[in-house]
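A short worksheet on the structure shown next.
The chain is numbered in sequence order, starting from 1.
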Amino acid sequence: MSNPDELLVAISAAVESERSNQMSLTVVVGGAVITGRLAPEAVWRERVAEVLKDSDRLGPFSDVFARPPGGNRSGGGEAPTHLHFHLARILQGSLGIPETGGMYRVAIKDVSAWTVGDLVHFDR
């Protein structure tokens, strides 16, 4: 989207202000379907930093995520520019990758379609 969807920006802003991780969302970005729960950016960064810190190879990158978000967005009243998913999966055919859910950051301007809720695939 060249102009981010105002409703999607408002949902992201509500997640940021409430520091809640209970909003489930499914988005289409570049043809990929991503489904999961939104998290406030600070919480998302903290969790990514924790995961990286435990890695021998990726540990040095944890500091990048542990830093507060740039631009003083929380005090400046600027609208969120990204969605921060946790417990999220990229849906590919009958698979959800990864099965346990991952951490994804998606630019709101790149979302071409979305719906409230987390899509779940069941094999029958």
Side-chain angles (χ1 to χ4, degrees):
M1 289 183 181
S2 56
N3 293 319
D5 184 316
E6 291 178 20
L7 188 53
L8 194 53
V9 171
I11 289 168
S12 182
V15 169
E16 289 294 330
S17 68
E18 297 295 323
R19 297 192 56 81
S20 171
N21 64 356
Q22 298 304 306
M23 182 60 179
S24 295
L25 196 70
T26 300
V27 298
V28 177
V29 179
V33 177
I34 300 173
T35 188
R37 278 196 260 157
L38 295 179
E41 182 176 0
V43 172
W44 183 88
R45 284 174 168 264
E46 181 180 303
R47 180 65 184 124
V48 172
E50 289 171 5
V51 170
L52 292 175
K53 191 174 188 177
D54 292 339
S55 169
D56 292 335
R57 286 188 349 231
L58 301 175
F61 292 98
S62 67
D63 290 342
V64 173
F65 289 90
R67 290 184 214 137
N72 192 22
R73 183 170 44 239
S74 60
E78 292 181 30
T81 58
H82 290 77
L83 301 170
H84 295 87
F85 284 92
H86 74 115
L87 300 175
R89 296 175 325 272
I90 296 174
L91 300 181
Q92 177 69 36
S94 62
L95 297 175
I97 306 166
E99 287 184 19
T100 57
M103 308 290 286
Y104 297 101
R105 176 177 159 112
V106 174
I108 293 172
K109 68 179 180 63
D110 293 337
V111 173
S112 60
W114 61 275
T115 188
V116 172
D118 187 1
L119 297 181
V120 180
H121 175 79
F122 295 101
D123 279 332
R124 293 188 185 213

Applying a strict under-4.5 Å side-chain criterion to I, L, V, M, F, W and Y, I'd like to know whether [X] and [Y] cluster together.
X: F85; Y: F65; result: no
X: V43; Y: V48; result: no
X: L87; Y: L38; result: no
X: V51; Y: F61; result: no
X: L91; Y: V28; result: yes

If the condition is side chain to side chain contact (heavy atoms under 4.5 Å, CB included), which residues does [X] pass it with, not counting sequence neighbours?
X: V9; result: P4, A79, P80, I108
X: T26; result: V33, T35, T115, L119
X: A107; result: H82, K109, D110

(Q) Once rounded to the nearest 0.5 Å, what's the spacing between atom CZ of R47 and atom NE2 of H86? (A)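 Going from the CZ atom of R47 to the NE2 atom of H86 covers 10.0 Å.
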Q) Roughly how far, to the nearest 0.5 Å, is the CH2 atom of W114 from the CG atom of L7? A)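 Answer rounded to 0.5 Å: 4.0 Å.
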For a quick test of reading the model, state the closest non-hydrogen atom pair linking [X] to [Y] and the distance between them.
X: A113; Y: V111; value: O-CG1, 3.3 Å
X: E41; Y: E16; value: N-OE2, 2.7 Å
X: I97; Y: Y104; value: O-OH, 3.3 Å
X: K53; Y: S62; value: N-CB, 3.7 Å

**Q.** Positive for side-chain contact (heavy atoms from CB on, under 4.5 Å) with L25, one of V15, I34, L83, D118
**A.**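 So the option named by the test is L83.
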Q: Would you please test H84 and R105 for side-chain hydrogen bond (donor to acceptor under 3.5 Å, both in side chains) and show each step?
A: CA-CA 5 Å; H84 295 87; R105 176 177 159 112; 3.0 Å; yes
(Q) Pair V116, M23 - check side chain to side chain contact (heavy atoms under 4.5 Å, CB included), show working. (A) CA-CA 8 Å; V116 172; M23 182 60 179; 3.8 Å; yes
